[in-house]
Amino acid sequence: MTQDTAVRGTKPPTDAGGHSGADGPRLQRRAAGALLIAGPVIFLLAEFIAAAAWTDPAYSYTHHFISNLGVRGPSTLFGQYMYSPLAWVMNAGFLLFGITILAGVAALRDLAHGRRWAVLVPAALLALGGVLLALYPGSGEALNDGTGEYHSMGAFAGFTGGNVLAIVLGRHRHRIGVSARMGRALITVGVIGLISTLLYLALIVTSGDHVIGVIGLVERGAVHPFLIGLACAGAAIWKRDGTSAEPPSVTADTAT
């Protein structure tokens with residue numbers, strides 16, 4: 001007697017309440033997408049609010065370091081005067097944005113064990129960097145008392161972790177369910193960010209006590225592209241339908 005053990009086109013299994021078994025993965029995928037959107041939004045919104053409160057003199061996105069927004073001050077470092085009335089807002093943004101992105105990466109379902117570590121490690125590095133930035137503001141006093149080293153480690157952990165994360169997610173775009181175009185965009189913003197990081201380092205090393213006027217713009221080239229890329233990837237993941245990112249395996253009929 002021949003028995004069909006795999007029926008194609010059957011509906012997903014439902015639980016006792018009548019909910020589809022696909023609801024769980026769909027909700028988790030949407031949670032992952034929402035967190036990947038929320039992390040960059042937290043950072044960019046905190047940056048905007050803190051910068052808007054800095055009015056005497058006005059804060060410059062091209063000249064001032066991002067970290068200046070987390071220094072209550074008054075203080076001076078690398079020739080830049082720092083006085084951020086809403087420093088706590090920026091530091092809260094530093095603390096939360098990386099942790100939120102890490103949570104979003106951890107919620108991604110469609111990565112095999114090895115690929116999960118490939119994205120979790122840079123995401124964890126990004127989160128650690130944000131925590132260090134929040135706990136050790138980059139003031140002139142921090143440079144003198146030694147805590148500025150922790151701030152510097154946090155900055156470069158964030159630069160490296162965020163950009164490498166974007167590249168890795170782009171390379172595994174078929175596993176997380178985003179388009180080839182989105183995958184290429186993630187890789188591109190990650191490469192731009194790493195190049196900007198190297199240029200930023202070069203400017204810091206060669207500028208001495210007074211950095212050039214566009215240092216803030218160069219630093220944002222190391223940060224803003226990967227933030228925007230991750231937010232766009234999160235939106236694509238959130239909107240993705242219930243189909244698997246990989247072609248499903250076909251279960252053949254068996255004969256008994």
Side-chain angles (χ1 to χ4, degrees), residues 36-52 54 58-71 77-80 82 84 90-91 93-94 96-98 100-102 105 119 122-123 125-130 132-134 137-138 148 151-171 181-235:
L36 288 174
I37 297 169
V41 169
I42 288 171
F43 184 101
L44 295 172
L45 189 59
E47 182 184 24
F48 176 79
I49 292 172
W54 183 329
Y59 180 84
S60 170
Y61 270 62
T62 59
H63 173 65
H64 288 109
F65 293 102
I66 299 173
S67 299
N68 291 5
L69 293 170
V71 177
L77 181 63
F78 292 121
Q80 293 194 3
M82 292 175 280
S84 181
M90 189 70 250
N91 288 324
F94 284 144
L96 294 175
F97 92 102
T100 304
I101 291 173
L102 174 59
V105 169
V119 296
L125 189 62
L126 174 62
L128 175 62
L132 290 175
L133 289 172
H151 182 85
S152 296
M153 286 189 292
F156 294 115
F159 295 159
T160 304
N163 287 301
V164 171
L165 174 62
I167 292 171
V168 175
L169 287 176
R171 287 179 59 85
R181 183 178 180 182
M182 177 61 68
R184 290 192 296 268
L186 285 169
I187 293 172
T188 300
V189 298
V191 171
I192 290 172
L194 291 177
I195 293 173
S196 297
T197 298
L198 292 176
L199 179 58
Y200 176 79
L201 279 171
L203 291 176
I204 292 292
V205 171
T206 59
S207 295
D209 293 335
H210 289 78
V211 294
I212 65 172
V214 294
I215 191 70
L217 182 62
V218 175
E219 184 182 24
R220 284 174 172 84
V223 179
H224 284 191
F226 83 73
L227 289 175
I228 295 170
L230 292 178
C232 291

Listed partners of Phe156 passing ring-ring contact (aromatic ring centres under 6.0 Å, His included), at least two apart: Phe159
A side-chain contact here means heavy atoms from C-beta on lying under 4.5 Å apart; do Phe65 and Leu77 qualify? no
Report yes if the side chains of Pro40 and Ile101 come closer than 4.5 Å at any heavy-atom pair, otherwise no. yes
Nearest heavy-atom pair of Phe97 and Gly130: which atoms, and what distance? CE2-CA, 4.1 Å
Applying salt bridge (Lys or Arg N to Asp or Glu O under 4.0 Å), name anything that partners Glu47, two or more places apart in sequence or on another chain. Arg220
By ring-ring contact (aromatic ring centres under 6.0 Å, His included) - contacts of Phe226 (at least two apart): none
Would you mind reporting whether His151 and Leu133 have side-chain heavy atoms less than 4.5 Å apart? yes
Donor-acceptor contact present, side-chain Glu219 to main-chain Ser67, <3.5 Å: no
Would you say the side chain of Leu230 lies within less than 4.5 Å of the side chain of Leu169, judging by non-hydrogen atoms? yes
Would the distance check show the side chain of Asn91 and the main-chain N or O of Gly70 forming a donor-acceptor pair, the cut-off being under 3.5 Å? yes
Side chain to side chain donor-acceptor pair (under 3.5 Å) filter on Ser84, not counting sequence neighbours, yields none
Do the non-hydrogen side-chain atoms of Ile66 and Phe94 ever get within less than 4.5 Å of each other? yes
Roughly how far, to the nearest 0.5 Å, is OH of Tyr59 from CG of Asn68? 6.0 Å
Going by the side-chain hydrogen bond (donor to acceptor under 3.5 Å, both in side chains) test, which pairs reach into residues 154-164, not counting sequence neighbours? none
For Val164 and Pro122, work out which heavy atoms get closest and say how close. CG1-CB, 4.0 Å
Check whether any side-chain heavy atom of His224 lies under 4.5 Å from a side-chain heavy atom of Leu44, and answer yes or no. yes
Should Leu126 and Leu102 count as side-chain neighbours, where that means a heavy-atom distance under 4.5 Å? no
Using atom types as modelled, flag every donor-acceptor pair under 3.5 Å from a side chain in residues 194-203 to any protein atom, sequence neighbours excluded.
| residue | atom | partner | partner atom | Å |
| --- | --- | --- | --- | --- |
| Ser196 | OG | Ile192 | O | 2.9 |
| Ser196 | OG | Gly221 | O | 3.4 |
| Thr197 | OG1 | Gly193 | O | 2.8 |

